[in-house]
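Below is one structure; the comments refer to it alone.
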Amino acid sequence: VVPPTFGYSLIIAANTSALGFDRLRGDIRFLLHGEQGFRYHELLYVEDDVTITSEVTDMYEKKDGLMRFMVQRTVLMNQHGTLCVESDSTFVIRSPELMA
Amino acid sequence: MTAVDPLARDWAPKVGDKIPQVERGPISRGTLALFAGASNDHFFLHIDSDYAKDSGAPDVFAHGMLVMAYLCHALTSLVRPEDIKSWNVRFMSITQVHTTIICSGEVKDIIDQDGERCAVLDLAARDQNGQAKLIGEAIVVLHT
């Protein structure tokens, strides 16, 4: 059985998590993972063939644009087309002025 | 509380019950290097001290998902993976290398969801000084 947080490792491996980072307009060194959620529907197993689809569902700013947020929704389906895991990630990029 | 066997699905909590604490760490540089491989997150901020310091950080720091994985151990010490319906966390502060993580939780509510009896858990991962690293909530299916 695939551990509950391992879906995120698969998402990074698929590189769909890079989606939309360019729209955050910032230095990747100042990128932070802000929130993470999972909803499970079916277990993933060793040797499953997983299809991963990501979309950017929201982008917003705080502190006059010094903190810029991006929300991604990713779904993981197994080789039978069954929805297994939904993942919601919020990333934030901080402008260097905030850390001075 | 008496020991829980997640495989036996015998956890029978009441609102207000605390879940058994799980302690992990101190987080070493080696742990961060291994987790980079396991998580496919090879960002140098977590594994290269020179890169981290050039970026303004005091040193390498842990992947948020490493701490979330530790917090997950607190869940899977109680219930089977298939009995976790959903959970979400907010990353509260950076976890520096050498930090020890203490994961805790409390039963906030017992609800019916999709025809199943579920516990709603408040979860937290804190460092050895009590500073919150992650706070979150989980919904797990009960069989008792």
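In what follows, every chain begins at residue 1, and chains take the letters A, B, ... in the order their sequences are listed.
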Review point. Where do A:I28 and B:F43 come nearest, in terms of heavy atoms and distance?
Key: O-CZ, 3.2 Å
Exercise for review: Determine the option with the most heavy-atom pairs under 4.5 angstrom with chain B, choosing from A:A13, A:G34, A:P4, A:S87.
Suggested key: A:G34
Point to revise | Least distance between heavy atoms, B:W87 atom then A:T5 atom | key: CZ2-CG2, 3.6 Å
Point to revise | A:F30-B:M92 co-clustered via ILVMFWY side chain contacts under 4.5 Å | key: no
Review point. Where on B:L45 is there a heavy atom nearer than 4.5 Å to chain A: the side chain, the backbone, both, or neither?
Key: side chain
Review point. Atom CZ in A:R29, atom CG in B:D54: separation rounded to 0.5 Å?
Key: 7.5 Å
Practice item. Using a cut-off of 6.0 Å, state whether more than 12 heavy atoms not belonging to B:E106 lie near its atom CD. Key: yes
Review point. Looking only at heavy atoms, what is the nearest atom pair of A:E35 and B:F91, with distance?
Key: N-CD1, 3.8 Å
Check your understanding: About how many Å separate CZ of A:F38 and OG of B:S86, when rounded to the nearest 0.5 Å?
Key -> 11.5 Å
Review point. With hydrophobic residues grouped by side-chain heavy-atom distances under 4.5 Å, do B:V140 and B:I111 end up in a single group?
Key: no
Review point. Among the clusters formed by ILVMFWY side chains lying less than 4.5 Å apart, do A:Y60 and A:M67 turn up in the same one?
Key: yes
Check your understanding: Nearest heavy-atom pair of A:I12 and B:N40: which atoms, and what distance?
Key -> CG2-O, 3.0 Å
Review point. How far does CG of A:L32 sit from OG of B:S93, to the nearest 0.5 angstrom?
Key: 10.5 Å
Study note, to complete from the structure: Within residues 59-75 of chain B, contacts to chain A at heavy-atom distances under 4.5 Å involve B:M65, B:M68, B:A69, B:C72
Check your understanding: For B:F44, does the CZ atom sit with more than 12 other heavy atoms under 6.0 Å from it, leaving out its own atoms?
Key -> no
Study note, to complete from the structure: Pair count under 4.5 Å, heavy atoms only, with chain A: among B:H42, B:R90, B:E82, highest is B:R90
Review point. Under 4.5 Å between side-chain heavy atoms, hopping through other hydrophobics if needed: is there a path connecting B:I84 to B:V120?
Key: no
Exercise for review: Would you mind checking which part of B:A38 comes under 4.5 Å of any heavy atom in chain A, side chain (CB onward), backbone (N, CA, C, O), both or neither?
Suggested key: backbone
Practice item. Indicate if B:V141 and A:V1 have the same hydrophobic cluster label, given that clusters are the connected sets of ILVMFWY residues with side-chain heavy-atom separations under 4.5 angstrom. Key: no
Check your understanding: Should we say atom CG of B:N129 is surrounded by more than 12 heavy atoms from elsewhere, each under 6.0 Å from it?
Key -> yes
